[in-house]
Student: 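Pasting in a structure now, in structure tokens, and then I'll have a few things to ask.
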Protein chains: 2
Amino acid sequence: MSEARPTIHDVAARAGVSKSLVSLAMRGSPKVSERSRSLILAAAAELGYRPNAAARSLADRRSHTVGVLVLDLHNPVFAEILDGVQSEVRTHGYSTMLVTGGADPDLEQAELEKLLEFQVEGLIVIAHRLPGSVLRRIAKECPLVVVTRDDVTGPSIDTVRNDDVAGARLAVEHLVALGHRRIVHLSGGDNRVSQDRRDGYLEAMRTAGLAGQSCVIDGALTDAGGYSAAQQALDLEPRPTAMFAANDMSALGAIAAVQDRGLGVPGDVSVVGYDGMSLGALRTLSLTTVAQPLGEMGALAARRLFDRIDHPRRRSVRLRVDAALVPRGSTAPPRRSDHPRG
Amino acid sequence: MSEARPTIHDVAARAGVSKSLVSLAMRGSPKVSERSRSLILAAAAELGYRPNAAARSLADRRSHTVGVLVLDLHNPVFAEILDGVQSEVRTHGYSTMLVTGGADPDLEQAELEKLLEFQVEGLIVIAHRLPGSVLRRIAKECPLVVVTRDDVTGPSIDTVRNDDVAGARLAVEHLVALGHRRIVHLSGGDNRVSQDRRDGYLEAMRTAGLAGQSCVIDGALTDAGGYSAAQQALDLEPRPTAMFAANDMSALGAIAAVQDRGLGVPGDVSVVGYDGMSLGALRTLSLTTVAQPLGEMGALAARRLFDRIDHPRRRSVRLRVDAALVPRGSTAPPRRSDHPRG
DNA sequence: CGCGGAAAGTGGAACGTTCCAACGCTACTG
DNA sequence: CAGTAGCGTTGGAACGTTCCACTTTCCGCG
């Protein structure tokens, strides 16, 4: 129960020194004598003293905290990016404040504003649904790194992402190489990342001479989204032999939909995802995917952020990391009977 | 870039009023005249004023923030509990500060201490690996609700959990009812929850007259943990016909291991998980599981917390929610040939 | 033996809020 | 027309730190 917590004054009184010396001692300053230090530490321990971060950050004008906004904690992909962020942030001696907006722009904005009120020294946004104007305004107040997208630019906005267009091409090329022709794309909806992946799909289909076969079905970046999009895809005549889903989660949904029709993956339909979440490596799922170096992206983002905190006027940086196709068990050549004269 | 942010004084000067009035206006007090209010709001907007949460919480002696510690963000189960927490916290007008300790006791403790320094008004701990002594000490400073466990008690510690022993019994009874006899348990290791589930398993095996068949293999509450435990289980002679995994994630790992041996689930081996994460409902996985009402547990925890914040001396409460067996595609009767004379 | 300088310790002024007691008005009441 | 009630507004004192400029103490050295 939180009866009036002891403050630095209480510790000072008990140790018989001034509050200033307590402040020094608590932060491990070398200009405190051994004697005083142990006196103070003992007093603090006895009282159960705990520094007040609010007071500290007020006086110090620094919070030693960075804010992180993630799109959605249900998708393990973000946990993996977060791992990279967190470990880097910790080595810099900072804390992170983590919030989610659940893919809702208004909520996301509200959460970001809250972070700013807490005086975070920097912001990492791991995927988002925010309008560029909001992001740019926020970047005026605080260094900002956006992971996953680089469509919003500004003098103090750094970005870390893979090339989604190129990645999507890899997926399609993989399927084409296996002999697929009727390849549909289960899109992730109306957000930048999904748009890029769709564009990559369309482009690759064109390049492969399959422009006429192109077919995009709208879904969402969730298992449910993939499921319902795949259902529609399976109603097409003739039935597609392969699906490229906008991300791994929706690919899982798609696989479920295929199986619910009594069809097999990859026997009847091949499925490719995107992201490279570690769950997909499990044999049960064995999901062929376009893998991004998730942890690395997080770490990179954090490093960019600290770089900018240290050098506020550095030119903004757009980092690109490489995605790679990881072939696994959810893709295979199409059945003979499905094989159109190619 | 963050050149000296405008403060309440700057707004006051620009609007031609006192700082006190600005403070009132920013918080929407009714005792501010329409005229002043709009003057102040305009000035604030022009300057891009944003209240400083540190200063506010210092002056106010309340942070309007609760801290949440989650065991592990990689397991979507926790995201589902978190949903319940967040929505409840929001309706109370509070913010949440979210941290993880990655199942590392030292890290968990460090993160909790940090939350306390931020003067959170309450703490929700969603699964943890902390010694009781730490938790009790922390509960002295701040209301605390522990979700998932209730082994640590104290005058201001509330708990929300399901009965893991009973839940584990459900899992075993389900398998027994299907006709299984050689049922192994893939344990989740040395933590309270896993111990309870193991105890429930042992108890139910005894009740079913299968004490002699009991077999616990040590794993961990992750996909990797389930995978390796299942590998060992599959080496047993005679091979078990069913596995009860300590949680859903490890059940997925177990299924993968079975399939990697060229065996089928549920054809050769049935697998039951525990938790009821929504991912398990996907046809691809179709995981039979003991489902906890995850979101509800989160919401319940948050409500307990606010109740205690409002009434600090209320007796501590231990809530139990019911888990239910959800039969899905990962369990089936054992093969004839595997069927020992029962 | 006095002096300089380092080491150890101090009190007061910030930091940006909120709260509180008190203020000047205006408008009503008797 | 004095008294009072309320409204809108105000300055100053907190809140718990850190920082700074300063003091005291002590030591070695010329």
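Note on naming: letters A, B, ... go to the chains in the order of the sequence lines (proteins, then strands), and numbering restarts at 1 for each one.
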Student: Test for a donor-acceptor pair under 3.5 Å between the base of C/dG11 and the side chain of A/Ser20, counting only N and O atoms.
Tutor: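 Checked by distance alone, the answer is yes.
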Student: Just how far is it from atom CG of B/Asn75 to atom CG of A/Leu73, taken to the nearest 0.5 Å?
Tutor: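 Rounded to the nearest 0.5 Å, the CG-CG separation comes to 12.0 Å.
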Student: Over 60° means perpendicular and under 30° means parallel, so tell me whether B/His64 and B/Tyr94 are parallel, tilted or perpendicular.
Tutor: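 B/His64 and B/Tyr94: tilted rings.
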Student: Measuring from the side chain of B/Arg61 (C-beta onward, heavy atoms only), which nucleotide among D/dC15, D/dT10, C/dG9 has the closest atom?
Tutor: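 Of all the options, the side chain of B/Arg61 is nearest to D/dC15.
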Student: Specify the separation, in whole Å, of atom CZ of A/Arg50 and atom P of D/dC15.
Tutor: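 After rounding, the reported distance stands at 20 Å.
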Student: Could you tell me how far apart B/His64 (NE2) and D/dC15 (C1') are, to the nearest whole angstrom?
Tutor: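 That distance rounds to 15 Å.
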Student: Does A/Pro293 reach the side chain of A/Met297, with side-chain heavy atoms less than 4.5 Å apart?
Tutor: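 Of all side-chain heavy-atom pairs linking A/Met297 with A/Pro293, at least one is under 4.5 Å.
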Student: Without hydrogens or angle criteria, can the side chains of B/Arg137 and B/Ser133 be said to hold a donor-acceptor pair below 3.5 Å?
Tutor: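 No, no side-chain donor-acceptor pair sits under 3.5 Å.
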Student: Is there, by distance only and without an angle test, a donor paired with an acceptor across the side chain of B/Lys31 and the base of D/dG6 below 3.5 Å?
Tutor: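 No, the side chain and the base share no sub-3.5 Å donor-acceptor pair.
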Student: What's B/Ser57 touching, base or sugar-phosphate or nothing? Going by heavy atoms closer than 4.0 Å.
Tutor: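 If one applies the 4.0 Å heavy-atom cut-off, B/Ser57 turns out to touch nothing in the nucleic acid.
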Student: Which whole-number value in Å describes the distance from A/Ile8 CD1 to D/dT18 C1'?
Tutor: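 Taking atom C1' of D/dT18 as the reference, CD1 of A/Ile8 is at 8 Å.
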Student: Counting only side-chain N and O atoms of B/Arg56, is one of them less than 4.0 Å from OP1 or OP2 of C/dT18?
Tutor: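 Affirmative; the distance criterion is met.
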Student: Just how far, in rounded Å, is P of C/dA7 from CG of A/Leu24?
Tutor: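 Distance check: A/Leu24 CG to C/dA7 P gives 14 Å.
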Student: Grab the CG-P distance between A/Asp10 and D/dG16 for me, whole Å please.
Tutor: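 Distance, rounded to whole Å: 8 Å.
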Student: Using atom CG of B/Asn52 as one end and atom C1' of D/dT17 as the other, report the distance to the nearest whole Å.
Tutor: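 That distance rounds to 13 Å.
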Student: Counting only side-chain N and O atoms of B/Arg27, is one of them less than 4.0 Å from OP1 or OP2 of C/dC19?
Tutor: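 So the side chain of B/Arg27 is within the cut-off, an N or O lying under 4.0 Å from OP1 or OP2 of C/dC19.
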Student: Looking at C/dG9, does its base get a donor-acceptor pair with the side chain of A/Lys19 below 3.5 Å?
Tutor: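 No such pair is found, so the answer is no.
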Student: Atom CG of A/Leu21 to atom P of D/dT23: distance rounded to whole Å?
Tutor: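 In whole Å, D/dT23 P and A/Leu21 CG are 18 Å from each other.
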Student: C/dG9, OP1 or OP2 - any side-chain N/O from A/Ser33 closer than 4.0 Å?
Tutor: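 Answer is yes, contact under 4.0 Å.
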Student: Starting the side chain at C-beta, find the nucleotide from D/dG16, C/dG9, D/dT17 nearest to B/Leu58.
Tutor: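 Of D/dG16, C/dG9, D/dT17, D/dG16 is nearest to the side chain of B/Leu58.
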Student: How do B/Gly16 and B/Ala59 order along DNA chain D: which one's closest nucleotide is nearer the 5' end?
Tutor: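 Final value for this comparison: B/Gly16.
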Student: Is A/Ser23 close enough to D/dT18 that one of its side-chain N or O atoms is under 4.0 Å from OP1 or OP2 there?
Tutor: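 True: A/Ser23 side-chain N/O within range (under 4.0 Å) of D/dT18 OP1/OP2.
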Student: Should B/Thr7 be listed as having a side-chain N or O under 4.0 Å from OP1 or OP2 of C/dG16?
Tutor: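 Negative; the distance criterion is not met.
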Student: Quickly, which of B/Val120, B/Val89, B/Leu123 forms a side chain to side chain contact (heavy atoms under 4.5 Å, CB included) with B/Val66? Name it, please.
Tutor: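 Result for side chain to side chain contact (heavy atoms under 4.5 Å, CB included) with B/Val66: B/Val89.
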Student: Select one nucleotide: of C/dT17, C/dT10, D/dT9, the one nearest the side-chain heavy atoms of B/Ala55.
Tutor: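 Output: C/dT17.
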Student: Check every strand shown and say whether B/Arg37 touches a base, only sugar-phosphate, or nothing at a heavy-atom separation below 4.0 Å.
Tutor: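 Nothing, no heavy atom under 4.0 Å.
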Student: Whole-Å distance between D/dT17 C1' and A/Arg5 CZ?
Tutor: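 It works out to 15 Å between those atoms.
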Student: Should the pair A/Arg314-A/Asp158 be classified as a salt bridge under the 4.0 Å nitrogen-to-oxygen rule?
Tutor: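 Salt bridge: no.
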